[in-house]
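Only one structure is covered here, and it is reproduced in the block below.
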There are 4 protein chains.
Amino acid sequence: MASGTTLKLKQQRSRDRREQILSAATKLFGQRGIDGTSLTEVAAVAKVPLSSIYDYFEDKRALVLDVPEGNFEALYQKTEPLLVKGGDPVEQLRIIFLTNFQYIKDNPSWGRVFFLEIWPSVLAAEPRVKKAVDKYALRYVQLIKQAIRAGTYRRNLDPYAAMSLMMGGMCHLTAVWLLYGRKYDLVKKGKTLFTTLHNGFVQR
Amino acid sequence: MASGTTLKLKQQRSRDRREQILSAATKLFGQRGIDGTSLTEVAAVAKVPLSSIYDYFEDKRALVLDVPEGNFEALYQKTEPLLVKGGDPVEQLRIIFLTNFQYIKDNPSWGRVFFLEIWPSVLAAEPRVKKAVDKYALRYVQLIKQAIRAGTYRRNLDPYAAMSLMMGGMCHLTAVWLLYGRKYDLVKKGKTLFTTLHNGFVQR
Amino acid sequence: MASGTTLKLKQQRSRDRREQILSAATKLFGQRGIDGTSLTEVAAVAKVPLSSIYDYFEDKRALVLDVPEGNFEALYQKTEPLLVKGGDPVEQLRIIFLTNFQYIKDNPSWGRVFFLEIWPSVLAAEPRVKKAVDKYALRYVQLIKQAIRAGTYRRNLDPYAAMSLMMGGMCHLTAVWLLYGRKYDLVKKGKTLFTTLHNGFVQR
Amino acid sequence: MASGTTLKLKQQRSRDRREQILSAATKLFGQRGIDGTSLTEVAAVAKVPLSSIYDYFEDKRALVLDVPEGNFEALYQKTEPLLVKGGDPVEQLRIIFLTNFQYIKDNPSWGRVFFLEIWPSVLAAEPRVKKAVDKYALRYVQLIKQAIRAGTYRRNLDPYAAMSLMMGGMCHLTAVWLLYGRKYDLVKKGKTLFTTLHNGFVQR
DNA sequence: CATGAATGAGTCTTCATTCAT
DNA sequence: CATGAATGAAGACTCATTCAT
């Protein structure tokens, strides 16, 4: 029993440390960029010995890749409950889009890392991240296709171009928001974005 | 006479070397990222001794900053002749937007550096680059405003959101195009983008 | 117990390496000058990897500054036991002066670095070194003042000029001794110096 | 004739440039130290193309060595007229000593280079400088010996130790004067130094 | 003599990563 | 699992010096 308890405690502690490291990494990567952040710094901020990072992550690359993965997971968990299964595809698109803005607003560090570091970086070609991004993008494409089939969006709308506009717009808006000091309400601007795009997508 | 010729030859040679370095840098920065590219590599690709880089650029930062500046210059020179002064603002917007896609298509290296490295990076906060980018973005904003005033675009269109969609869409489309091996016609996709956005912008 | 022993061993090893580096630096700085000595050379002589130097010293400057500091400490520890507290100020002056010569004789490397590199260099303006030097010089001044008050040294003796003569004489004598191959007995010459100066200082 | 005139003009110009370079070097060496000064900087201050330095000096070492030599020459020319041939050796010693202080006061740059850079540096072992310094020092020794023979200075005075005190005192005083911002009258302090030393040298 | 341009050899410094304990 | 210490490999940058003209 004792050893079982100890084990659990240890596992808990392990998870905590892992989180500490990931969170420190996210913060620092966002602030100074991935290449501008040394593992020594990550360790310092995470209050963990440098070499302990290697107990949780294979190497720096693995750590970098885990940052978006964990956040994508969290984003999904936030989005899922809000989606009314079988509901209007456009409404679902709207929810997904805006929830993402909300998530960025709540986790600007991650926004910074993802939109200014990971996504643009060649790492997006990195299978693990690419898969997550593709999966996310694919969802947009599918909902757009559904909306076309449902007759809400026009027949000749290119679902991929449409998705590019949604993701690109989000990326640009977020980048500007971050670079200029988060002076306005990101989610509100996100709504404007969605409306404008929606106007361009609908059947007349 | 002779010395004049010599001088010209020398100046020509200098310009050439500078171009070689700049071009090597653009290429490598796009391929491996700015931080992932060492000046040693730049020198090797440019077929110039490492220390010669310092004859033309103050330091690495200066080299990095010169990449977008030079290309912005070139982009302007390509765009300007195409613009019919006093013409329809929407048509001008279209030309500027598509010329940019054409330029990227012709200079994918630069597209890579700019859209995947410089623009998203904190460097966009770098005065010199920021100025160039702002100037470019402002042009979009102004034309959109003109189109609103002319009644072509709807009154309640947020010109900045609209610009974000145009630039973000371009960025995303380019990134995907680059990351997935330039398999399709970028300019054509750019046209689709413009049409879709235009549809969302117009007055009904 | 075991871990205690291990810790001590580790600490011992660390101290040793630090000493090795410091000693190599002292030697090389004296031989080739500070600027003429590369950290690569220091590492080689200390038989330590170059990057390990940075485990013990912040940077080259810190290493340079640690050379005089450590030796001043050692010099103090040699001098202190010899001073009879409350004794004759002139006798104390004599002891301090001659102990320094003895220390130089025993550690010519340090003499070289200190008198030919650090003291004359602008580094003497470096707060850390300046403080140590000032403290040392001040001692001379105070003892001279005491001797004046005691009536041993003449009323109109400028204590600072007197100190300059003592320190300058030591510096010059040491430099010559070093540059000309340590051919004579430094301490003996030091005694001559002291006597001559003393003659110039006393009340008649 | 014409060519002769041209030649002379050229020679004059050459001498000027040489002086410019030497003067710039003296200034910069004094300010930043010899190793801290690059030839590029010397060229910039001397307003001469970098490569022209090599038309006048074999290499940096040669330039460094020429700095004290030229100044020793100038110092001699200042001192010589003041010396009454065949006069009292002590008086001559005094004149030489004080003229040197005056020269330093008038040319603090040189003082800095010589006392803080060249003299203490290993360069003093450099034959050319060593010779000049030795010659200068020898003069002191000879005058001191004369004073001993004349019965002014005591029989058992070690002329070399006496000289060390004079030169060392001058060096130390100058260094302090320079490092602490030349706050007091150097020549006046020099007089105090001489008097004190003289007191220690004389026969009783 | 004059000089702009070029360059090779080095310097300090950083950092991801390993390993013994 | 934990961790302090160690290190190899590399990077940005400098500078004395050369050379073609």
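Just so we're on the same page: letters track the sequence lines, and every chain starts at 1.
Across F:dC15, F:dG4, E:dT13, the shortest atom-to-atom separation from the side chain of D:Ser38 is found for F:dC15. Of the candidates E:dG4, F:dT17, E:dC12, F:dT17 carries the atom nearest the D:Asp59 side chain, counting heavy atoms from C-beta on. In the set E:dA2, F:dC13, F:dA2, F:dA2 carries the atom at the smallest distance from any side-chain atom of A:Arg17. The side chain of A:Leu39 approaches E:dT17 more closely than any other nucleotide in the set E:dT17, E:dT13, F:dT3.
Atoms CZ (B:Phe57) and C1' (F:dA12) sit 16 Å apart, rounded to a whole Å. Taking atom NZ of residue C:Lys47 and atom P of nucleotide F:dT7, one finds them 14 Å apart after rounding to whole Å. Rounding to whole angstrom units, CD of residue A:Glu58 and P of E:dT17 are separated by 9 Å. The OH atom of C:Tyr54 sits 21 Å away from the C1' atom of F:dG4 (whole-angstrom rounding). Atom P of nucleotide F:dC15 and atom CG of D:Leu28 are separated by 12 Å, given to the nearest angstrom. Between the C1' atom of F:dC15 and the CZ atom of D:Arg32 lies a distance of 14 Å, rounded to the nearest Å. Regarding A:Lys60, its NZ atom lies at a distance of 15 Å from the P atom of E:dT18, rounded to whole Å.
Residues B:Glu41 and A:Asp55 both approach DNA chain F. Their nearest nucleotides, taken by heavy-atom distance, put A:Asp55 toward the 5′ side. Both B:Thr37 and C:Val48 sit near DNA chain F, but only C:Val48 has its closest nucleotide nearer the 5' end.
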side-chain contact (heavy atoms from CB on, under 4.5 Å) between D:Gln31 and D:Thr37, intermediate numbers included: CA-CA 9 Å; D:Gln31 271 168 24; D:Thr37 304; over 6 Å; no
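Between B:Asp55 and B:Arg17 there is no salt bridge, since no side-chain N of the basic residue sits under 4.0 Å from a carboxylate O of the acidic one.
When all heavy atoms of D:Phe114 and D:Pro68 are compared, the pair lying nearest together is CD1-CB, 4.0 Å. Heavy atoms only, all atoms of each residue included: C:Thr26 and C:Val113 are closest at O-CG2, 2.9 Å.
Scanning atom types as modelled, no donor and acceptor separated by under 3.5 angstrom connect the side chain of B:Thr40 and the base of F:dG11. One donor-acceptor pair, N or O on each side, does fall under 3.5 Å between the base of E:dG8 and the side chain of B:Ser51.
Atom NZ of B:Lys60 has more than 12 neighbouring heavy atoms from other residues, nucleotides or ligands inside a 6.0 Å radius.
Close to E:dT3, at under 4.0 Å from its OP1 or OP2, lies a side-chain N or O of D:Ser52.
As rounded to the nearest Å, E:dC1 and F:dT21 have C1' atoms that lie 13 Å from one another.
Using a 4.0 Å heavy-atom criterion, one finds that B:Tyr56 contacts the sugar-phosphate atoms exclusively.
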